[in-house]
Amino acid sequence: MGKIQRICRKTPVFATFSTRTFLNLPDFSGVLSNFGTEGLWGRIRQLSPLHPPPCHPKFGPMSKGVTPRSHDYARWYTDVVQKAELADYGPVRGTMVIRPYGYAIWEAIKEAYDQRFRATGHSNAYFPLLIPKSYMSREAEHVEGFAKECAVVTHSRLRAADEGGVEVDPESKLEEELILRPTSETVIWAMYKQWINSYRDLPILINQWANIVRWELRTRLFLRTTEFLWQEGHTAHATEAEAREETLRILNIYREVAEQEMALSVVAGLKSDAEKFAGAVETWSIEAMMGDRRALQAGTSHFLGQNFAKAFDVTFRNEANEEDYVWATSWGVSTRLVGAVVMAHGDDKGLRLPPRIAPIQVVIVPIYKDESKVAVMEAARQLTGSLENAGLRVQLDDRDTVTPGFKFNDWEMKGVPVRIEIGPKDVAAKQVVLVRRDVEGKSTLGLDQVIQELPPLLDEIQDCLFKQAQAFRSTHTRQIVDWEEFREFMEWGGFAICGWDGDPASETAIKEKTKATIRTILEDQEPTDLACIYSGKPAKHTVVLARAY
RNA sequence: CGGAACGUGGCGCAGCCCGGUAGCGCACUUGACUGGGGGUCAAGGGGUCGCGGGUUCAAAUCCCGCCGUUCCGACCA
């Protein structure tokens, strides 16, 4: 019996989810049939090899200055991130400047998570960036995971150099060197030791939004940078059951926001020992499929057991007046999610943003000649105002220095879900031209209907992007029992559902031979008659295998 | 940390072999015409050719050293 069922029995809160819904397991039949629009579905069905389909020739094959996705996916990604003004490279290798538009997307994602954390009883706090080096030796396993990528602070000041400029002042060498946090477990648990004495002090449910530093060798904007922004939750509990419940509650929030706000289709499950966080007993994650069919870990939730409590000697008196170690969890999502949204939804024309996290949901492009400018701008301003009053994030593009055609491409690059064009003909006919970013084609709409029609249209776009992502993942997910077929499938890319004998040696061999890793163990799928994809021995687990970022 | 390539106006590049006035596209500025899918024409501004040394009457170009960046492999969210 899988772990979730065990927990469900002890903790009624999970009884409300079916395990299938909870884990969002691949469902090979459901996604297709409940997708309503037949014409659109026809188009999605043909997706290959990349999702979404290449742009319609009528609208131009691709965007200027952006490498087509099918040609070079990695370059396409970098081009789009920069062209859409999400981020730029910082002066130090591996660092990134998140530009206002990219940061606005992150803020929307952040807000969606923050609300849910608060709603489930968590509070935000802030712990220091600098950590004494000695803290890293307290938890051996955890150190092993991060030691290789810790930036170390050794001195406290500079001085003027003889040749001009500055140099490190050797006099200022620190007695104890400091590290820049690669994650905050150690500082936080040092504090929890001081705060926790009794079961009455528990649980502690703290989250922090912070920057962290991991000295990465190979970096990519958003996906892996030396410094990045994230959220790290750290909770302390009196019982194992409570901590386990917390781990899954958060995992569920991660899945929910990914699906509902970011329109990502994810698989949730347990990590293998090789892939789990070094200090954890269990690591759970959500895995999303990117447009090149590779997996991206989009959030992790760790059940830490009593590992950190023991390392930092955090004990408490329970209700029976016995001394016990505290049970713990930690969990995080990062700015990597912005990259996930780009890679999951983008096309050759640029970004496609789900309305709920789009900084601008509707852009209005006025079209005029000198003599019609006043009337058109007046109508455009009125429309902008009333959409703002309706609570939509709307922008009137009144730039007079670029042509309408340029604006169309510009906003498509930036992924704005809906564009409204309004010109002299439209003003005369009391209508507007409406263009969706998620599907091709233009339509017209009566000016007086816009306010009423737009909110449901945004919902529909949100839903359509999610359905496209689901269909894409479903199409590229396959149950495989034959090794050769598996090898070929991994060359092509996608999620393979396979048996695994549970042996780390098999896992390593699979990785060496195919570059695929166990993305997640499907905890509630009993591999009764499955054999291990590699060894052929009876499978202990059903796993999702894929190449990953 | 191994393998490959590249450093020339803000960005992308040519010039380098065969040394001799630093060029092209985009972007930028001004003006006119334009404006329903990345406009046209005209006139402009902007570069110690990554850094240091050497060879030479003369170096972006040849030689040596250094620095930096990007791409591909081992580590990671």
Side-chain angles (χ1 to χ4, degrees), chain A residues 55-67 72 74-75 78-79 82-83 88-94 144-150 163 182-183 212-220 222-232 254 271 274-278 283 285-288 295-302 330-340 349-350 365-373 376 399-413 419-429 431-433 435 440 442 444 511-512 515 517 519 548-549:
Chain A
C55 300
H56 194 286
K58 184 178 156 192
F59 295 91
M62 70 195 76
S63 208
K64 261 187 201 165
V66 173
T67 310
D72 182 340
R75 275 189 59 188
T78 314
D79 288 350
Q82 288 178 91
K83 281 263 176 186
D88 214 337
Y89 293 101
V92 174
R93 182 194 158 78
E144 215 172 294
F146 291 113
K148 281 170 284 185
E149 44 189 24
C150 282
E163 323 82 57
T183 179
I212 65 172
V213 172
R214 293 179 191 173
W215 213 261
E216 298 287 350
L217 303 174
R218 249 170 93 61
T219 60
R220 289 186 69 189
F222 288 112
L223 300 179
R224 185 179 301 115
T225 48
T226 293
E227 178 187 4
F228 60 92
L229 303 182
W230 78 345
Q231 148 282 307
E232 49 179 324
Y254 285 172
K271 284 292 188 185
E275 298 282 327
K276 78 176 168 71
F277 171 53
T283 292
S285 77
I286 55 170
E287 303 280 329
L296 182 80
Q297 185 170 303
T300 52
S301 183
H302 312 290
S330 71
W331 26 276
V333 295
S334 73
T335 36
R336 166 177 264 198
L337 289 172
V338 177
K349 291 195 290 187
V365 178
I367 295 149
Y368 49 77
K369 304 186 188 211
D370 281 345
E371 67 272 18
S372 53
K373 182 172 179 179
V376 167
R399 284 178 292 178
D400 213 8
T401 50
V402 291
T403 62
F406 181 90
K407 292 177 184 179
F408 297 165
N409 289 287
D410 193 32
W411 293 113
E412 279 163 3
M413 176 60 62
R419 177 173 80 243
I420 291 176
E421 305 171 13
I422 181 163
K425 293 177 219 162
D426 303 308
V427 172
Q431 66 171 33
V432 297
V433 173
V435 187
E440 299 292 359
K442 295 187 178 189
T444 56
K511 186 175 179 182
E512 277 170 9
K515 292 180 190 159
T517 50
R519 301 319 303 157
Y549 277 95

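Letters A, B, ... mirror the listed sequences (proteins, then strands); counts begin at 1.
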Same-atom distance (C1') from B:C11 to B:G53, integer angstrom
31 Å
Please work out if A:D88 contacts a base, only the sugar-phosphate, or nothing of the nucleic acid, heavy-atom cut-off 4.0 Å.
nothing
Can you name the salt bridge (charged side-chain N to carboxylate O under 4.0 Å, His left out) partners of A:K83, sequence neighbours left out?
none
Mapping A:P404 and A:T335 onto RNA chain B by nearest heavy atom, which one lands closer to the 5' end?
A:P404
How many whole angstroms separate atom CG of A:D370 from atom C1' of B:A32?
12 Å
Between A:T283 and A:H302, do the side chains contain an N or O donor and an N or O acceptor separated by less than 3.5 Å?
yes
Gap in Å between the two P atoms, one belonging to B:C41 and one to B:G35, rounded:
16 Å
Starting at the 5' end of RNA chain B, write a dot or bracket for each base, bracketing those in Watson-Crick or G-U wobble pairs whose two distances are under 3.5 Å and using | for partners on another strand.
((((((((.[[[[.)....(..]]]].((((((.....)))))).....[[[[[..)....]]]]])))))))....
Applying side-chain contact (heavy atoms from CB on, under 4.5 Å), run through A:R336 and A:W230 and close with a yes or a no.
CA-CA 9 Å; A:R336 166 177 264 198; A:W230 78 345; over 6 Å; no
Given the P atoms of B:C49 and B:U8, what is the spacing between them in whole Å?
11 Å
Under 4.5 Å between any side-chain heavy atoms of A:V376 and A:I367, yes or no?
no
A:R75 has an atom CZ; how far is it from atom P of B:G12, in whole Å?
11 Å
Pick base, sugar-phosphate or nothing for A:V365, based on heavy-atom distances below 4.0 Å to the nucleic acid.
nothing
Atom pairs under 3.5 Å, N or O on each side, protein against nucleotides 68-74 of chain B: can you list them with distances?
{"from": "B:U70", "atom 1": "OP2", "to": "A:R93", "atom 2": "NH1", "distance (Å)": "2.9"}
{"from": "B:C72", "atom 1": "OP2", "to": "A:R218", "atom 2": "NH1", "distance (Å)": "3.2"}
{"from": "B:C72", "atom 1": "OP2", "to": "A:R218", "atom 2": "NH2", "distance (Å)": "2.6"}

If I take atom NZ in residue A:K442 and atom C1' in nucleotide B:G37, what distance separates them, rounded to the nearest angstrom?
6 Å
Could you state the atom-to-atom distance from CD of A:E216 to C1' of B:C76 in whole Å?
5 Å
Gap in Å between the two P atoms, one belonging to B:C24 and one to B:C71, rounded
30 Å
Gap in Å between the two P atoms, one belonging to B:A60 and one to B:G20, rounded:
9 Å
Is it the case that over 12 heavy atoms from other parts of the model lie below 6.0 angstrom from the CZ atom of A:R75?
no
All heavy atoms of A:T225 vs all of A:F222, minimum pair found to be CG2-N, 3.9 Å
Please report the distance separating the P of B:G31 from the corresponding atom of B:G68, rounded so that it comes out in whole Å.
45 Å
If you apply the rule side-chain contact (heavy atoms from CB on, under 4.5 Å), what do you find for A:R519 with A:K271, and how did you get there?
CA-CA 7 Å; A:R519 301 319 303 157; A:K271 284 292 188 185; 3.4 Å; yes
I need the CG-C1' distance between A:L296 and B:A77, as an integer number of Å.
8 Å
Quote, to the nearest angstrom, the C1' distance that separates B:U48 from B:G44.
24 Å
Is A:R419 touching bases, backbone alone, or none of the nucleic acid, heavy atoms closer than 4.0 Å?
base
Can you tell me if the side-chain N/O atoms of A:T403 get under 4.0 Å from OP1 or OP2 in B:G39?
yes
Any donor-acceptor N/O pair under 3.5 Å between B:G38 base and A:D410 side chain
no
Set of residues satisfying salt bridge (charged side-chain N to carboxylate O under 4.0 Å, His left out) with respect to A:D426, sequence neighbours excluded
none
Any donor-acceptor pair under 3.5 Å linking the side-chain atoms of A:D79 with those of A:T67?
yes
Under the salt bridge (charged side-chain N to carboxylate O under 4.0 Å, His left out) test, residues paired with A:K511 that sit two or more places apart:
none
A:Q297 near the nucleic acid: base, sugar-phosphate alone, or nothing, with a heavy-atom cut-off under 4.0 Å?
sugar-phosphate
Among B:G38, B:A77, B:G36, the one nearest any side-chain atom of A:F406 is B:G38
Which whole-number value in Å describes the distance from A:K369 NZ to B:G35 P?
4 Å
What contact category does A:L223 fall into here, base, sugar-phosphate, or nothing, at under 4.0 angstrom with non-hydrogen atoms?
base
What is the separation between atom NZ on A:K83 and atom C1' on B:C26, rounded to the nearest whole Å?
9 Å
Please evaluate the base of B:C76 for a donor-acceptor partner in the side chain of A:R224 within a cut-off of under 3.5 Å?
yes
For nucleotides B:C13 and B:G7, find the distance between their C1' atoms and express it as a whole number of Å.
12 Å
Please identify each residue that fulfils salt bridge (charged side-chain N to carboxylate O under 4.0 Å, His left out) with A:E421, with sequence neighbours left out.
A:R419, A:K442
Taking the side chain of A:N409 as heavy atoms from C-beta outward, which of B:G37, B:G35, B:A77 is closest to it?
B:G37
RNA chain B: A:I367 or A:G299, which has the more 5' nearest nucleotide?
A:I367
Mind checking if A:K407 touches a base, just sugar-phosphate, or nothing, with heavy atoms under 4.0 Å?
nothing
